[in-house]
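Reckoned from all heavy atoms, side chains included, excluding hydrogens, waters and symmetry mates.
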Amino acid sequence: MGENRGTPSDDKATSKPRSKDRPSDLELMKERFSKLLLGEDMSGHGKGVSSALALSNAITNLAASVFGELKRLEPMPTERKAMWKREVDWLLSVTDHIVEMVPEQKSIDGNLMEVMVTRQRRDLQMNIPALRKLDAMLIGALDNFKDQKEFYYVSADANDTRGEKWWIPTVKVPPNGLSEVIRKWIQVQKDSVNQVLKAAMAINAQILSEMEIPEDYIESLPKNGRASLGDSVYRSITVEYFDPGQFLSSMDLSSNHKILDLKNRIEASIVIWKRKMNNKDGKSAWASAVSMEKRELFEERAETVLLIIKQRYPGLDQSQLDVSKIQFNRDVGHAILESYSRILETLAYTVLSRIEDVLYADSLTQNPALASCKRSPLPSSELDPLNFPNPKEEIEKLSAGPPQSMTLSDFMGWNLEKEDEEKKDSWGKSEEPQKDEGRTITKLANIITNKKVSYLEKLENLGGLRSPTGHVW
């Protein structure tokens, strides 16, 4: 590795030409905003996309160029980190000028009067700081892995037998597995990133739900829920006694394509049933012999299944409805919030997948037989859809203090200090050293859990949202 770094003189010699060729921040900003104003139509003929979609695409493309596939758990290069912070700040700066008029009392010539003043739109005022905090937490989580020395990566082999993930570098751990301290520390990182995933997922779901359903999507729908779902799925949802877990277990969810297809059909049926219940259009073709009560019941069941799918497969591609909403959305504030929360959700999911790769490699040292078993992203227990993360609650918890995450050196130092304190407290007592150590570990876990539980209590009480595997950017 040393021969690739070059000497200091070499670095100086090569840095000058690059600094001359590299465009200034002002030039880069001009280029970015020119593309936004042109709506990505560089011919200038006015055939570009809307401002909302242009900003959404700009944030998505920036994230793809900065983070890529994120194949390893390691700090981001300084230059890429600076690029991300600089350019995402440029794009988010648009939200500073999206305002609403609100009444405010002011004293004018000694008289108290109510005047209208401008204020940043409330949804942006609440969500942008929360998303920035999630952003910083994810970057910090990657930085935390700079000190670890116990696991490393070897380059992917074209003959790798891991299937879809063959291009991801293979994780290598010591023959006897990770040390207990490292294993516990990695679990802390996993819990912290998991919390970020849930918050980003909640915000994104909320923003998408507020976007209008495009007429183009509605016109593409079949005229009833049965035609959308298919006879088999429709019968399973409309049975007298319905269990969402049993319903999903009877579906073919063997690939992401099949899961996404089911999600698309369920979302379409929900839109159809809601429109019929609200009687939004007078088309006779939308009329149905199904009673209002039954239709409402079926719609609630479909919503339940949809929420479980979203919780089980947070890395799933966007559905037809989501893509349509993003494409035809004209609200610039919604476009920025949706794209920013989406890329943070994807990044958190990917980091969790890389953490899971390390834990899986460690588990193989303890039980080599696991290598012959297929890794599944499904959680071990059913999730209650009524406990889907609420964006308002997640933001309030973020404001109270971000989830705890720490570097390896901090974790190990803190652990040793606790052990020393426990040994001092137990000096002269009858407890054996092993019990003291056990008490130390328990105490440490409690301290770490204090913030984790407050942030994860809704889903953790249900068995948790296990970090998925096999997802790449």
Side-chain angles (χ1 to χ4, degrees), residues 25-26 28-40 46 48-60 62-63 84-139 196 199-214 325-345 389-402 455:
D25 285 357
L26 180 59
L28 282 172
M29 186 165 63
K30 286 180 179 178
E31 179 188 347
R32 296 290 184 272
F33 280 96
S34 295
K35 289 181 179 178
L36 293 176
L37 289 170
L38 291 168
E40 301 176 354
V49 300
S50 67
S51 299
L53 184 56
L55 270 165
S56 176
N57 290 341
I59 294 173
T60 303
L62 174 62
W84 168 252
K85 185 179 187 308
R86 179 181 64 247
E87 297 196 24
V88 83
D89 282 349
W90 292 345
L91 297 172
L92 295 181
S93 67
V94 176
T95 62
D96 296 334
H97 305 280
I98 301 176
V99 298
E100 58 188 357
M101 301 294 290
V102 294
E104 185 178 283
Q105 289 189 339
K106 285 188 176 182
S107 178
I108 302 177
D109 297 331
N111 298 319
L112 196 63
M113 301 183 66
E114 189 176 84
V115 297
M116 299 300 289
V117 298
T118 57
R119 182 187 67 185
Q120 186 181 32
R121 210 170 75 184
R122 179 134 182 88
D123 59 338
L124 300 172
Q125 190 179 48
M126 181 173 65
N127 287 305
I128 291 295
L131 291 171
R132 283 184 178 276
K133 188 171 289 187
L134 295 176
D135 187 343
M137 288 164 59
L138 283 175
I139 301 298
V196 174
M201 185 166 58
I203 294 172
N204 185 261
Q206 176 65 30
I207 299 304
L208 281 170
S209 70
E210 293 174 2
M211 290 183 177
E212 292 185 6
I213 301 175
K325 283 184 173 183
I326 293 168
Q327 181 181 354
F328 291 95
N329 168 58
R330 292 296 180 266
D331 188 311
V332 173
H334 279 165
I336 292 174
L337 290 175
E338 190 285 324
S339 56
Y340 195 21
S341 60
R342 169 164 41 84
I343 63 102
L344 291 178
E345 178 184 338
N390 179 282
K392 186 176 180 180
E393 293 179 10
E394 301 298 333
I395 292 172
E396 288 174 353
K397 291 167 186 175
L398 274 178
S399 301
Y455 197 83

If only atom types and distance count, is the side chain of [X] paired as donor or acceptor with the main-chain N or O of [Y] below 3.5 Å?
X: Glu100; Y: Arg122; value: yes
X: Ser56; Y: Leu53; value: no
X: Asp109; Y: Asn111; value: no
X: Gln120; Y: Thr95; value: yes

Of all the heavy-atom pairs spanning Asn329 and Ala52, show the shortest one and how long it is. O-CB, 3.5 Å

Does Met116 CE have over 12 foreign heavy atoms under 6.0 Å away? yes

For Glu212, is the CD atom crowded, meaning more than 12 foreign heavy atoms sit under 6.0 Å from it? no

Rounded to the nearest 0.5 Å, what separates atom [atom1] in [X] from atom [atom2] in [Y]?
X: Arg342; Y: Thr60; atom1: CZ; atom2: OG1; value: 4.0 Å
X: His334; Y: Leu124; atom1: NE2; atom2: CG; value: 8.0 Å
X: Gln327; Y: Met211; atom1: CD; atom2: CE; value: 12.5 Å
X: Glu114; Y: Glu104; atom1: CD; atom2: CD; value: 9.5 Å
X: Ser339; Y: Leu344; atom1: OG; atom2: CG; value: 9.5 Å

Would you say that [X] contacts [Y] through its side chain, given a criterion of any heavy-atom pair below 4.5 Å between the two side chains?
X: Asp331; Y: Arg121; answer: yes
X: Lys85; Y: Ile139; answer: no
X: Lys325; Y: Ile213; answer: yes
X: Gln206; Y: Asp123; answer: no
X: Ile203; Y: Leu337; answer: no
X: Met101; Y: Thr118; answer: yes

Presence of salt bridge, Asp89 and Arg132, under 4.0 angstrom: yes

Are a donor atom and an acceptor atom from the side chains of Tyr340 and Asn127 found within less than 3.5 Å of each other? no

Can you spot which of Leu55, Ile336, Leu131 makes a side chain to side chain contact (heavy atoms under 4.5 Å, CB included) with Leu92? Ile336

